[in-house]
2 protein chains.
Amino acid sequence: MTVTLADVAARAQVSPATVSRVLNGNYPVAASTRERVLKAVDELDYVLNGPASALAAATSDLVGILVNDIADPFFGIMAGAVQSEIGGPGGRAGGERLAVVCNTGGTPERELTYLTLLQRQRAAAVVLTGGAMEDEAHQTAVAAKLRRLTEAGTRVVLCGRPPAPDTGAIALTFDNRGGGRELTEHLIGLGHRRLGYIAGPRERTTTRHRLEGHRAALAAHGIEEDPRWTVHGRYDRQAGYEATLELMRRDPTLTAVVAANDTVALGACAALRDSGLRIPDDVSVAGFDDLPFSIDAVPALTTVRLPLAEAGARAGRVAMGREEAPVGGIATVRGELMVRGSSGGPRS
Amino acid sequence: MTVTLADVAARAQVSPATVSRVLNGNYPVAASTRERVLKAVDELDYVLNGPASALAAATSDLVGILVNDIADPFFGIMAGAVQSEIGGPGGRAGGERLAVVCNTGGTPERELTYLTLLQRQRAAAVVLTGGAMEDEAHQTAVAAKLRRLTEAGTRVVLCGRPPAPDTGAIALTFDNRGGGRELTEHLIGLGHRRLGYIAGPRERTTTRHRLEGHRAALAAHGIEEDPRWTVHGRYDRQAGYEATLELMRRDPTLTAVVAANDTVALGACAALRDSGLRIPDDVSVAGFDDLPFSIDAVPALTTVRLPLAEAGARAGRVAMGREEAPVGGIATVRGELMVRGSSGGPRS
DNA sequence: AGCCGCACAGCAAGCGCTTTCTATGTAGAA
DNA sequence: TTCTACATAGAAAGCGCTTGCTGTGCGGCT
């Protein structure tokens, strides 16, 4: 049998109530008593029963973090930052909290199931990272879940995700549209007029917003876009590789390729190289996110830096109630254009 | 007030016991009754109280995954694979489980604290990934914790981590020594005789084993190693960059640089390039792990592929009792040498 | 026809903790 | 000295669920 509170109480010659109070430190206990209790805890190697404690106190120390793909540094960086702020071991806040990182794989069902699971665990807070699905039914379902969570006292924070109105969720949204626009304007400023675009999966807010920014830049400069210049694909390297080959097949006169994110851009670089094209002499390439490896590409990738760690940390603090929520419950986090070697003037 | 089992029971006109049995499906319930209960659950939007359930049943559906750095794909890939196998949403196994990914940051204290937290939550299983600290006291403490966990019925699996004898933990260990040896033998076979080595942080099993493999290869070929040829540093890009500069300063005649992992190798490549050296014409570079980005380096990185996803998946299955543990509780997972463009013959 | 046994459903006793309320001892106030 | 007030400690009532045990009604057996 495992050691219970009662065992500790017996050993310390006090009541279970006192042991509980010593452990929680939320009630005056005489120093001598406390010491006796702590000694007993130590001797018996007692470990609190989490579920029992959560049940009785009607609170839990679990914090959920939903990510699309845990193997993708984009999410890993945010998740790590959130976790470092929620007062887990090593965090400054008292009260140790357990971060639960849930991998949705970007599918609507798993996202909902995980939200239910977290609701079931009576999580103290939930942070949702990354773009949302644009499916109407799914958005409604998620919104309903979020509302129930916030109503039950769970703090919900969206990090790098569009706001969810009327749910009580706090949103720290990335300015994907603005970043996309700035990036493409940089290329246009370099003289490019024929730009291919490798978009992410359809029905994702991130995909749509970045693409909209790109198109806004083209429109602002009176560049008419050829429908063949846009290809959709997954957010991974291979998709970028294939999309680039497709793009160059459709129109070999393109002088620049803008990718939906850095991973895709890396695939694009590989495809161009394998096609015997030089970067940026023959074709310029640009990404988005500025993940750590992007600076190591050869040439280094021109991209839009998203302050993932900062945003994640802020989301974590807001989730813990350690930082005030932005006014209106919505904050926009801007990206920063990083001009590097992969972009240059168009070949003449 | 939130909806409870009793509310559902009242609405469905049955006893709470019956509702519980319908929800758990572990006891015969007439189809008509089941339907009535399910309907009530749906109408009331009932969500089981996890802590209460865990307390009463003395089991939990939490599975802990300890990683050193969640932002590092090395761990992200393993964690994702574990998670996909533990029967979370979308997994094949019935019974939804919540994966808890804990970021230890590679520090002993956080590792221990997280283990305690998981013990407190009465986790169903715990998977520890990555190398262990070599600190004697810490190892003893961890071993004691692991023993208590297994004794309490928690399944403990070590993934990419050396075995922990007498703890009841199952180990899937990476053959870091063998991989390191093979890699260096490849370079020796190419004709290199003056090889620099960028090791990871001291006091880590991974660091030591890879270095031992490297030295074994040198010894086997009668190459005497100059102490100046080894530099220790963190497992990140910057450390690799700086270590490489230091290495080339100490001995500019080195013809190859072996890094403790791919991330470090990328830093090494950058340092060499910035020093005006060509890869592999002037200096060959090799890494370890074969992370996804390694193939995108220019030139592509010669490295040792570790089957991270496969090992993680297997660890997950073993943790869930869905796959038998290896005989003796220990399995060695071998790496595979991937010869790519970053290694070539030494400059003459 | 009488009996056994099976298929269900309900009762009620906890699971191990938190917390309210009450009891006690002691110090300071009157 | 007597009363009030404070500082602690304990008793006990749950928190919401699971599950062993106890009914109950019915079909099939002899």
Side-chain angles (χ1 to χ4, degrees), chain A residues 1-38 40-41 44-62 95-96 117 119-124 152-153, chain B residues 1-38 40-41 44-62 95-96 117 119-124 152-153:
Chain A
M1 218 26 231
T2 62
V3 183
T4 73
L5 236 209
D7 299 329
V8 176
R11 174 147 196 143
Q13 316 233 58
V14 295
S15 73
T18 301
V19 177
S20 169
R21 301 206 255 245
V22 168
L23 261 25
N24 289 298
N26 52 7
Y27 193 87
V29 173
S32 63
T33 312
R34 183 200 325 287
E35 225 163 275
R36 204 144 32 89
V37 170
L38 258 20
V41 165
L44 295 178
D45 234 332
Y46 170 69
V47 175
L48 191 69
N49 182 314
S53 167
L55 172 58
T59 64
S60 137
D61 47 8
L62 246 49
E96 283 153 356
L117 238 36
Q119 186 184 356
R120 170 179 303 183
Q121 297 297 333
R122 305 299 188 253
Chain B
M1 212 29 229
T2 62
V3 184
T4 72
L5 236 209
D7 299 330
V8 176
R11 174 147 196 140
Q13 317 234 56
V14 296
S15 73
T18 302
V19 177
S20 169
R21 301 205 256 245
V22 167
L23 262 26
N24 289 298
N26 52 8
Y27 194 86
V29 174
S32 63
T33 312
R34 183 202 322 285
E35 227 163 87
R36 203 143 35 88
V37 170
L38 258 19
V41 165
L44 295 177
D45 234 332
Y46 170 69
V47 175
L48 190 69
N49 182 315
S53 167
L55 172 58
T59 62
S60 137
D61 48 9
L62 248 50
E96 282 153 357
L117 238 35
Q119 185 183 356
R120 169 178 305 182
Q121 298 296 335
R122 306 299 189 252

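Keep in mind it's a predicted model, so treat the numbers as computed, not measured. Just so we're on the same page: letters track the sequence lines, and every chain starts at 1. Computation of the quantities below employed the complete heavy-atom set of this structure, encompassing side-chain atoms and omitting hydrogens, waters and symmetry-equivalent molecules.
Between the CZ atom of R122(A) and the C1' atom of dC15(D) there is a distance of 11 Å, given to the nearest Å. The CG-P distance, from N24(B) to dC17(D), rounds to 11 Å in whole Å. Rounded to whole Å, atom C1' of dT18(C) lies 14 Å from atom CG of D61(A). Separating the CG atom of L55(B) from the C1' atom of dG14(C) is a distance of 9 Å, rounded to the nearest angstrom. The nearest whole Å value for the distance from the CG atom in D7(A) to the P atom in dC17(C) is 9 Å.
Non-hydrogen atoms lying under 4.0 Å from DNA chain D are contributed by S15(A), A17(A), T18(A), R21(A), all within residues 15-23 of chain A.
Two residues are said to be in side-chain contact when any heavy atoms from C-beta on lie closer than 4.5 Å; V8(A) and V3(A) meet this criterion.
Between R11(A) and A40(A) the shortest heavy-atom distance is CG-CB, 3.7 Å. Among all heavy-atom pairs drawn from Y46(B) and L23(B), the shortest one is CE2-CD2, 3.7 Å. Scanning all heavy atoms of the two residues, the minimum distance from V47(B) to R122(A) falls at O-NH2, 3.5 Å. P16(B) and A9(B) get closest at one heavy-atom pair: N-CB, 3.6 Å. Nearest heavy atom pair, residue L48(A) against residue R120(B), reads O-CG, 3.2 Å. Taking both residues in full, the closest heavy atoms of L55(B) and A52(A) are given as CD1-CB, 3.6 Å, listed atom of the first, atom of the second, then distance.
Closest to the side chain of V14(B), out of dC17(C), dT18(D), dG10(C), is dG10(C).
When the side-chain nitrogen and oxygen atoms of N26(B) are compared with OP1 and OP2 of dT19(D), one or more of them lie within a distance under 4.0 Å. The phosphate of dC15(C) (OP1 or OP2) has no side-chain N or O of N49(A) nearer than 4.0 angstrom.
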For residues 26-37 of chain B, dump all side-chain donor-acceptor pairs below 3.5 Å to protein atoms at least two apart in sequence or in another chain.
unit_1	atom_1	unit_2	atom_2	d
R34(B)	NH2	V29(B)	O	3.2
R36(B)	NH1	A12(B)	O	2.5

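Atoms CG and CG, on L62(A) and L117(B) in that order, are 9.0 Å from each other to the nearest 0.5 Å.
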Might you list the N or O atoms of the protein lying below 3.5 Å from N or O atoms in nucleotides 6-8 of chain D, with each pair's distance?
none

